[in-house]
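Data first, discussion second: the structure below is written as structure tokens.
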Amino acid sequence: MASGDRDDQRFVEIIGVPIEAGAGHPGALMGPAALRTAGLVRALRELGHEVRDLGDLTPQPWSEGDAATARLAEITAWSRALADHSYAMMRGGGVPVFLGGDHSLSMGSVTGVARHCREAGTPLFVLWLDAHGDFNTPHTSPSGNMHGMPVALLCGEDGFDDVFPPEQRATVNPAHVHLFGIRSLDPGERRLLRARGVDVVDMRLIDEHGVGVHMRRIIERVRQAGGHLHVSLDVDFLDPAIAPAVGTAVLGGATYREAHLIMEMLHDAGVVGSLDVVELNPFLDERGKSALLLVDLVASLFGRRIIDPAVTQSQIGGQAV
């Protein structure tokens, strides 16, 4: 999204991905509907963007088997269908927004973005706003839930060979992945993250330095490389006190203002080209509280602001305020 005032309108394409097979709690499949009900499309149109809602994705039927086999087959079907749609949306020149659904959907959304970036010769960076690292593999995961594995798949770790056929497969350089707001890692993924050189900004670093310092560093990396930044926003990045609608809540998450500052900085930088909004479980929400907050955050990412920052206090009413 290019920076600017009201001259940075973009073509935005939205697609719902009502998958919950990767999660441990039912309900995330209702996430896309909740975000639409909370006014996501309306908010983006009010900002002047051209918005096309493509409805919800429907994958090809998958084979059934025992519970574990059926879940993997379902996630594979969703991932392959979404990777194709993501790639096509990127080729269309708009800003794809993927509404989840659990975080396993990013296997498909980011793979499609990565394929397009590879063909265009554009470096791809990923900002993963999450309480968890999501760098488990089938060999390291304590739960076996695949919403804790998408970053590992995207970075080319072993154990995911059957998810994509060769013609769809596209990976992300682990050094271009920024995990942000992390406060829960399993031992196996901690070792892998260190070994692969993934940038991890945990809540300790945010508490010490603030979000601005680390966001500026990440934005500058993307800018210098002329890169495309994909943002993947998990509801559990936020503190559960302000966003309770998630089955994997972890205390101590981002505050309301920290989250908005991140989105405002990203908009002003003009480096974001695609977005996931995932893990919203309306069954666990409080009167739409989490869905409404997510809509506000997406609106900030797409340019909603209180006042034009070029207007200084001394210019308001002709005098200092």
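We're numbering straight along the sequence, starting at 1. In this text the structure is predicted, and so the values were computed from the model without any measurement.
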Would you mind listing every ring pair (Phe, Tyr, Trp, His ring centres under 6.0 Å) that reaches into residues 188-246, with sequence neighbours excluded?
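Ring pair (Phe, Tyr, Trp, His ring centres under 6.0 Å) check on residues 188-246 returns H209-H214.
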With rounding to the nearest 0.5 Å, note down the distance linking [atom1] in [X] to [atom2] in [Y].
{"X": "E208", "Y": "D202", "atom1": "CD", "atom2": "CG", "result": "9.0 Å"}
{"X": "L238", "Y": "E258", "atom1": "CG", "atom2": "CD", "result": "10.0 Å"}
{"X": "H176", "Y": "T171", "atom1": "NE2", "atom2": "OG1", "result": "11.5 Å"}
{"X": "L154", "Y": "S109", "atom1": "CG", "atom2": "OG", "result": "7.5 Å"}

Candidates V272, L266, V12 - the one meeting side chain to side chain contact (heavy atoms under 4.5 Å, CB included) with F302:
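Checked V272, L266, V12 against F302; only one passes side chain to side chain contact (heavy atoms under 4.5 Å, CB included): V12.
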Between H85 and W78, is the ring centroid distance below 6.0 Å?
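Ring centroids of H85 and W78 are no less than 6.0 Å from each other.
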Ion pair check, [X] and [Y], cut-off under 4.0 Å:
{"X": "E74", "Y": "R71", "value": "no"}
{"X": "R221", "Y": "D199", "value": "no"}
{"X": "E157", "Y": "R196", "value": "yes"}
{"X": "E264", "Y": "R257", "value": "yes"}
{"X": "D268", "Y": "R305", "value": "yes"}

I want to check a possible cation-pi pair here: R169 against F164, using under 6.0 Å from ring centre and within 45° of the ring axis as the test.
no
Hits for salt bridge (charged side-chain N to carboxylate O under 4.0 Å, His left out) against R183, two or more places apart or cross-chain, chain-then-number order -> none
Flag side-chain contact, heavy atom, 4.5 Å: R36 against D56
yes
Side-chain donor or acceptor of E279 paired with backbone N/O of G101 under 3.5 Å:
no
Take atom CZ in R217; do more than 12 heavy atoms of anything else shown fall under 6.0 Å from it?
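Buried by this count: over 12 neighbours within 6.0 Å.
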Should we count CZ of F11 as having more than 12 external heavy atoms under 6.0 Å?
yes
